[in-house]
Amino acid sequence: MSGDAITPVFVRLKLSLLRNGLRQSGGRKAAYITSAVFALLFAALQLIGLIALRGHAHAESVVVLAVAVLGLGWAVMPLFFPSGDETLDPTRLVMLPLRPRPLVRALLTASLVGIGPLFTLCLLAGSVIAVARGGAAFAVGAVAVVLALLVCVALARAVAAANVRLLTSRKGRDLAVLSGLVIAIGAQIVNFGAQRIGASGLGELDPAAGVLQWVPPASAIGAVHAVGEGSYGLAAAQLALTAGALVALLALWSRHLTRLMTSPDGSTLPGAESAAKERSSTGLGRLLPAGRTGTVMERSLRYVWRDPKTKAAWVTSLAIGLIVPVFNAWQGTGSVYFACFAAGMLGIQMYNQFGQDTSAFWIVAMTISSTRDAYVELRARAYALLLITLPYAALVTVLTTAMLGDWRRLPEALGLSFALLGAMLATGAWTSARFPYSIPQEGYKNVAPGQTGLAWISIFGGMMAAALLCAPVIALTIWLNVSADGDDWTWLLLPVGSAYGAGLAAAGLKLAAPQTARRLPEILAAVSKG
C-alpha cells in the first residue's frame, strides 16, 4: 500500500481510537469533554492575549519564549504521559507490510488530529499576529506556523519512538510519577521568573529570547519578526533552520521506526551475565554494618533507587529542598534559615515507613518478634535516611550561606536543621507505627482510597509535633540573637542543635518500637489495602 493510500486510513484509525475510547464509560467521556473545553477556552484566551500584545516593545521576546516552552512540552509529553495516545506505540504495527517513510508520513498526519495540535496551532497563530508587520511578514507567518507545528509533532513522535521500549513497560509507565517533580521545579522557576519580570519588566526576557530565536520551533517565529524588520537574510536563515530541524527529526523518527520494526525486543531476555550481576551484592552492602542493621539499610536504599514512587518522592524532596532556599538567596530576599527547608523536606521521608513497603511488609513483619527487633528495624531505616539527609542538609545550608555571605549564622542554621531532622525522625517513626496507610503501586495516587484521613494525621500531625519539639532550640536561637552578648555564643547552637536532634530521634525510636511490635497485624492490614 502506498504512502498516499495509508494516510487517510491512519487518520480514520486515530478518530476511531478516540471515539471508541470515549464509549468505554461515561466518566471518561465527561473527563475528556471537560478537559477539551478548558483547553480550548485557555487557548482562546491565550490567543486574545497574544493579539493584544501586538505592538508592544517586547512582544517578540514573549512569543519566542512561549513557543520555545511549547516545544519543550511536546518533547517531554511522551515521557510523562505515554498512555495518553495509543498511536504513540509503533510496535503495534510491526506485523503490517509498511515501509518506514510512508508510515512516518501517515503517522505525522494522524498526529495532527487532537486537542494538543489545535492548542498549539492557536498559540502559534497568536504569536505570528503579535509580531508580524506587513503583508510579507504574514505570508512568512503562514509558513512559520506550519513548520513550527510539524516540528512540535515530529519531536514528540521521535522521542516516543526512541523510548518506546521503556515507555510501554511497567517501569516506564511508572516514570510518569516523576511528572510531579517537573511540575514542582517548573513552578519554582516560573515563580522566580515572574518575580524578576515584576521587578524589572519584560526587558528581562530579551537576552533569553535572543538565544532561543535560533532554537526550533521558536526560530520560525523569530523569522516572522525579522521579515517585519526588513531583515530578510536573517529570516531566511531562521526558516531554513526550522525546516532543517523538521527534516532531521523525521529522519531520526524513520530510523527508530526501522529499528523497532526489524529488530527483536530483547528487553525481557536478560543474559546470564547480567542476571548474575543482578543477584550479586552491591559494593554499598559491603560498606554497611553487619547483621540486620546493614540488611535493612541496604533494602531501604534499594527502594530509593529502584521503586518508582519512592524514587519520585526522594527526587522531589531533594529538588525542592534545594530550590526554595537557593532561589530565594539568589534573589537576595532569602535567609540562611530557609536552608532548614532541605531537612524538613527529607525528614518527611521517615513518615509512613511501612506503607512504602506495600504488601511486601508481611516479609518484614515475619522477622519482628519482639520490641528489640522492631527497634533495630526502625533504627536501621533512620540510619539509611540519615546517610543521605545529613550531608545534603549540610550542603544546602553551606551553599545558601555562601550565596548570602552571612557566614556568622552558619552554625545556628546547621543546628536548627539537625534539630528539625531529629524531631522529624522521632515523629515519623511514631506515626509510621500508629497511623500507617497504603501507597498504591500503580497509578498516580499516593494514598489508597479511604485512608486519606490517616495520611493527613500521619504527615501533617507529625510535622506540627516536630515543630513543637524544636521549640526549645528555636527559642534559644531567638534569645541569643536578641541578647546583647548573644552573638558571641551563637556557635553553641550547632552542638546543642545536633545533640538535641540526636536525643529526639533516639527517644522517638524507643517510643515507636513497642508500638510497632504490638500493632504488627494492624500495620500489615493497613499497608496491604493498595
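Residues take their numbers from the sequence shown, with the count starting at 1.
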Exercise. Tell me, with the steps shown, if Thr310 and Ile439 meet side-chain contact (heavy atoms from CB on, under 4.5 Å).
Key: CA-CA 10 Å; Thr310 305; Ile439 301 176; over 6 Å; no
Does the [X] side chain pair with the main chain of [Y], one donor and one acceptor, at a distance under 3.5 Å?
{"X": "Tyr351", "Y": "Gly462", "value": "yes"}
{"X": "Asn352", "Y": "Tyr437", "value": "yes"}
{"X": "Thr242", "Y": "Ala220", "value": "yes"}
{"X": "Thr400", "Y": "Val396", "value": "yes"}

Report yes if the side chains of [X] and [Y] come closer than 4.5 Å at any heavy-atom pair, otherwise no.
{"X": "Tyr392", "Y": "Leu322", "answer": "yes"}
{"X": "Leu108", "Y": "Arg157", "answer": "no"}
{"X": "Thr431", "Y": "Ile457", "answer": "no"}
{"X": "Leu410", "Y": "Val336", "answer": "no"}
{"X": "Ile323", "Y": "Phe341", "answer": "no"}
{"X": "Ile221", "Y": "Val128", "answer": "yes"}
{"X": "Trp253", "Y": "Leu250", "answer": "yes"}
{"X": "Leu241", "Y": "Pro216", "answer": "yes"}

Exercise. Evaluate side-chain contact (heavy atoms from CB on, under 4.5 Å) for Asp357 paired with Val527, printing each intermediate quantity in order.
Key: CA-CA 8 Å; Asp357 296 351; Val527 302; over 6 Å; no
Self-check item: salt bridge (charged side-chain N to carboxylate O under 4.0 Å, His left out): pairs with one or both residues in residues 232-248, sequence neighbours excluded
Solution: none
Pairwise distance [atom1]([X]) to [atom2]([Y]) - rounded to 0.5 angstrom:
{"X": "Leu47", "Y": "Phe42", "atom1": "CG", "atom2": "CZ", "answer": "12.0 Å"}
{"X": "Thr389", "Y": "Leu318", "atom1": "OG1", "atom2": "CG", "answer": "8.0 Å"}
{"X": "Arg12", "Y": "Thr7", "atom1": "CZ", "atom2": "OG1", "answer": "10.5 Å"}
{"X": "Arg105", "Y": "Phe10", "atom1": "CZ", "atom2": "CZ", "answer": "12.0 Å"}
{"X": "Tyr337", "Y": "Thr401", "atom1": "OH", "atom2": "OG1", "answer": "10.0 Å"}
{"X": "Leu234", "Y": "His225", "atom1": "CG", "atom2": "NE2", "answer": "10.0 Å"}

Within a radius of less than 6.0 Å around [atom1] of [X], do more than 12 heavy atoms belonging to other residues, nucleotides or ligands occur?
{"X": "Trp305", "atom1": "CH2", "value": "no"}
{"X": "Trp214", "atom1": "CH2", "value": "yes"}
{"X": "Arg101", "atom1": "CZ", "value": "no"}

Exercise. List for me each residue that meets side-chain contact (heavy atoms from CB on, under 4.5 Å) alongside Gln213, sequence neighbours excluded, and say none if there are none.
Key: Glu60, Val64, Gln238
Ignoring hydrogens, what is the shortest heavy-atom contact between [X] and [Y]? Give both atom names and the distance.
{"X": "Ala466", "Y": "Met424", "result": "CB-CG, 3.9 Å"}
{"X": "Ala75", "Y": "Leu155", "result": "CB-CD2, 3.6 Å"}
{"X": "Leu212", "Y": "Ala218", "result": "O-CB, 3.4 Å"}
{"X": "Val67", "Y": "Ser127", "result": "CG2-OG, 3.8 Å"}
{"X": "Leu420", "Y": "Cys340", "result": "CD2-O, 3.6 Å"}
{"X": "Val145", "Y": "Leu121", "result": "CG1-CD1, 3.5 Å"}

Quiz item: Which class fits the ring pair His58 and His56: parallel under 30°, tilted 30 to 60°, perpendicular over 60°?
Solution: tilted
Exercise. Assess whether side-chain contact (heavy atoms from CB on, under 4.5 Å) is satisfied between Phe138 and Val224, documenting all intermediate values.
Key: CA-CA 7 Å; Phe138 277 102; Val224 177; over 6 Å; no
Quiz item: Does anything in residues 227-237 pair up under side-chain hydrogen bond (donor to acceptor under 3.5 Å, both in side chains), and if so which pairs, sequence neighbours excluded?
Solution: Arg133-Glu229
